[in-house]
Amino acid sequence: MPNDIRPSLGLRPVINVSGTMTSLGASIVVPEAIEAMASILPHFVEINDLQRKASSVIARLTGGEAGFVTASCSAGISLAVAGAITGDNLLAIEKLPDAVPEKNEVLVQMGHVVSYGAPVDQAIRLAGGKVVLVGQATSTHRFHMEKAITDKTAAAVYVVSHHVVDYGLLNLKEFVEIAHARGVPVIVDAASEYDLGIFLEQGADIALYSGHKFLGGPTSGIVAGRKELVRHAFLQNMGIGRGMKVGKESIFGVMAALEAWERRDHAGIRERETGYLNLWKRTLDGRPGITALIEPDPTNNPLDRLRLIVDPEQAHITAWDLADALARGNPPIIVRDHEVEHRYFYLDPCNLHPGQEVVVANRLAEELDKARASNEIIATPIENRSRHRFDGLLRWPD
């Protein structure tokens, strides 16, 4: 592991077993991207020409006709939606989001309106889009979407994420079929997805990716797809996209990360991560009140995670108290706790430096041994987590 600068900054040296989470810095940036960013930083470039170079790399990796780099995948949603609304009307681009063309409705399945740190629908509204919710939270049928399309429909957004409802909704192929039958372009938010080509292959007109999650590039977003729609999204840099701009280092860093992705030993990485999971499972198997299951990724990314299920009566601790104890400890271990009220959390192996998997195993054993030695069950009310979830943010800066 490289020299750790965090202690000198007064930052906690956290170990991330939560996954590619923005709140933790997303991912470990690959050496190729670091080298590329350092090499271009001392020099001036014409940004639009550099974006054209990035477009060629993005098109090759995604199968799209064109692409560009923006500030984040969330920015990509806003820019792609804005492009679908304004086309290449430069005056309309300047007037967003207050004065928008009449054709500004954007369809989203209700079960896809999730938060990735901010609400998906807000990214649409920032672009002047009027969100039209399709179906119910756990049920969307063809007629829901077919009847929602009007002459005011500018686009339809499809979200691929572990946060969305994963049953009872329209799959992407059906979503695309219905939208395209009425001439409506489909924008796919695939921020945390591993496969860079599948969504355009399945008919999406625009696919949006994070440049800094699985790719291991700098903080950024990638817009890829049909040339005309990509161009209309790129033109938003003259409007709402100005505040979402990226520098030369991010554009070139993403290009390097994409090219490194082509050369990456994906099978070798999977094998290494499987070893981490097996170590953690061996550490947990046989412990009272603990069930450890290795499970595939819910959106079919080629990785597994370990689900740690806790019976507090036997383990003497709740799942959320165990997650919090790991986060408070030395070193802090941050787990994937989005569903912790269901008495489980996940350990994600994809963002570890060599040797950290052993630290995680030791900390798990330490906290579980400590809990079992207590005379009482460690069980704070789950509502305390909700009550205090944003305390640190609301106090910022101290």
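For this chain, numbers begin at 1 and follow the sequence in order. Bear in mind that the values here come from a model prediction, so they are computed numbers and not experimental data. Because only heavy atoms are used, hydrogens play no part in the values below, and waters and symmetry mates are left out as well, while side chains stay in.
- The aromatic rings of Phe199 and Tyr209 lie tilted to each other, with the angle between the two planes from 30° to 60°.
- A donor and an acceptor atom, one from each side chain of Tyr116 and Ser161, are nowhere located under 3.5 Å apart.
- Using a 4.5 Å cut-off on side-chain heavy atoms (C-beta onward), Asp304 and Pro296 make contact.
- Environment of CD in Glu102: sparse, with no more than 12 heavy atoms of neighbouring residues, nucleotides or ligands closer than 6.0 Å.
- Every residue meeting the salt bridge (Lys or Arg N to Asp or Glu O under 4.0 Å) condition with Arg231, not counting sequence neighbours, appears here in chain and number order: Asp88.
- No hydrogens or angles considered: nothing links the side chains of Asn16 and Ser18 as a donor-acceptor pair under 3.5 Å.
- Residues that satisfy the side-chain hydrogen bond (donor to acceptor under 3.5 Å, both in side chains) test with Asp285, not counting sequence neighbours, are Lys281.
- Residue Leu258 holds its CG atom at 4.5 Å from CG of Leu61, rounded to the nearest 0.5 Å.
- Counted by atom type alone, Asp321 and Thr380 present one or more donor-acceptor pairs between their side chains at under 3.5 Å.
- When every heavy atom of Phe345 is checked against every heavy atom of Leu347, the shortest pair comes out as CE1-CD2, 4.0 Å.
- Ring geometry for Tyr276 against Trp280 counts as tilted: the plane angle lies between 30° and 60°, on a 0 to 90° scale.
- In this model, a donor atom of one side chain and an acceptor atom of the other lie less than 3.5 Å apart for Thr86 and Gln236.
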